[in-house]
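Both counts, for ligands and for their atoms, begin at 1 and track the order of listing.
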Amino acid sequence: MDTPIPDYLVEVLDAVAADASGAVADYIPELAQVDPDQLGVVLATVDGAVYEAGDCAAGFTIQSISKPFVYALALQQRGLEAVLDQVDVEPSGEAFNELSLEKGSGRPLNPMINAGAIVVHTMVGDAQDPQGRCEQVLAGLSAFAGRPLAVDEAAYASESETAFRNYAIANMLRSRDSIVEDPEDVVAAYTRQCSVRVTTRDLALMAATLANGGVHPLSEERVVEEWVARQVMSVMATCGMYDSAGDWISTVGFPAKSGVSGGIIGALPGQLGIAAFSPRLDPHGSSVRGVEVCRRLSADMGLHMMDPPQPARSTIRRTHTVQYVDGSAAMVFALHGSLQFAGAERLVRDLADADAAGRLSDAVVLDLTRVHSINDVARRMLLETVRRLQLEGCGVTLVDPESTLPDPDCGGGVRPPVVATVAEAAARGHA
Ligand code: GLU
């Protein structure tokens, strides 16, 4: 059996193929030369499955899609505070190449507009070694892609000749000491960053690396730490889509970044990276058909971040009573799914209510057999509840055959017994 996903992707491309609206970017002469009919889409899951359709192996320059990844490198090297000191995280509502700075602080508003991206570029590597920095940026982008990337020298030369706007931005930044090097050199280096050649497949894997908390799904290399990936995706969500970021996040609903060569990426934390490519752009500078592909994927695949997840009540699969070998009774709470705050709150509330109503027997069994993950806050809530129950003389046994709840230490020397089955808990008697 073949998986239906590639067929679905072909269908999505067929549905948007006829749309020839928009225009290729021509302010960079080399970009005006591309075949405007190219169209591709790739999905990469966080566990390394890659699904492709259309022109997904065609090369093009990364342009602004480099911004989130170089922001990630700067965050990883300098830490959040140092980077925030230089570049804010507020949506600008302005075009990507606007000559604007935040009132008051004088910082660029965010790292996804050129002013912010140029400052962020200079925060990677050693300030004394601009050449080494360009190499580090290229190596970093390559690590995100999982293969060695290279600069498209023709595109670089072409953009360098017409980068007047970026020179203006860099001079503005230099006048405020936001950058301290020669503005022309900084623009040259930033332009090299934008001229790195990628394919749609590369971009999907780069996005999937962010979605996977900073670990490349195929190479399994940790490129950046999890907090970095979270910060980058947050800024992509609010500022990634030029001056249509608000419309994007409300309709498509996942962090994204587009670039003037026609690429667009989306990252859905814990699930997948998406990339689409089609060179004709809308008035905001985003790929017309790329945006439409993302809209369709979001609607068809339920990818909007604000769609409510599984309701918390479904955490408790069932409750029942078992007879212990010593004749006493235990109330079993069989849980399932992924335990986060809301699910743990529901369990704790049910336990407290049962206790208050005198329905809690002498002992409680928490059956975690079907729980596949427990986050930190849920773990702490669970263990504190176990501690409180035990203080009241109610024995608690955990059924946790796969150690989904690591190190069940409630503090103060309290550790509930852990067994593999409910039958085993009953056979042990009152703990
Ligand atoms: N290199 C381009 C510029 O700085 C990137 C712009 C973009 O993709 O939005 O003008």
Side-chain angles (χ1 to χ4, degrees), residues 22-34 36 59-71 87 91-100 108-122 134 137-138 141 149 151-173 179 183-198 200 202-203 206-207 235-236 239-245 248 256-266 275-288 290-291:
V24 297
D26 56 4
Y27 77 103
I28 301 173
E30 190 76 10
L31 290 184
Q33 309 300 320
V34 302
F60 52 93
T61 51
I62 188 168
Q63 299 300 341
S64 272
I65 301 175
S66 62
K67 291 171 181 171
F69 299 101
V70 177
Y71 182 50
V87 181
S92 72
E94 295 171 341
F96 68 96
N97 56 4
E98 200 58 50
L99 275 107
S100 70
L109 275 145
N110 67 67
M112 301 295 138
I113 54 172
N114 288 10
I118 289 171
V119 173
V120 163
H121 174 91
T122 66
C134 279
V137 165
L138 184 60
L141 293 174
L149 301 174
V151 173
D152 180 330
E153 296 294 343
Y156 166 68
S158 170
E159 182 168 355
S160 297
E161 276 169 28
T162 55
F164 309 116
R165 190 94 196 170
N166 288 337
Y167 291 129
I169 293 172
N171 277 295
M172 171 184 75
L173 295 168
I179 58 172
E184 291 211 5
D185 292 347
V186 173
V187 171
Y190 162 74
T191 307
R192 285 191 83 72
Q193 168 190 319
C194 291
S195 303
V196 169
R197 206 169 166 79
V198 289
T200 313
D202 291 328
L203 290 181
M206 293 172 85
V235 176
M236 284 165 66
C239 311
M241 293 300 286
Y242 301 122
D243 40 343
S244 66
W248 175 269
K257 183 74 200 88
S258 60
V260 290
S261 51
I264 179 166
I265 60 165
F277 169 57
S278 170
R280 289 192 203 88
L281 308 181
D282 65 19
H284 302 291
S286 297
S287 167
V288 173
V291 166

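- Residues passing the ring pair (Phe, Tyr, Trp, His ring centres under 6.0 Å) test with Tyr190: none are found, sequence neighbours excluded.
- Minimum heavy-atom separation, Val288 to Asp282: CG2-N, 3.6 Å.
- Not counting sequence neighbours, the partners of Val34 by the side chain to side chain contact (heavy atoms under 4.5 Å, CB included) test are Val24, Gln38, Pro279.
- For the residue pair Ile62 and Met206, the shortest heavy atom distance occurs at CD1-CE, 4.0 Å.
- The protein residues lying under 4.0 angstrom from ligand 1, judged by non-hydrogen atoms, are Tyr27, Gln63, Ser64, Phe96, Asn114, Glu159, Asn166, Tyr190, Cys194, Tyr242, Gly259, Val260.
- A search for side chain to side chain donor-acceptor pair (under 3.5 Å) contacts involving Lys67 returns Ser64, Asn114, not counting sequence neighbours.
- A donor-acceptor contact under 3.5 angstrom links the side chains of Glu94 and Ser100, judged on distance only.
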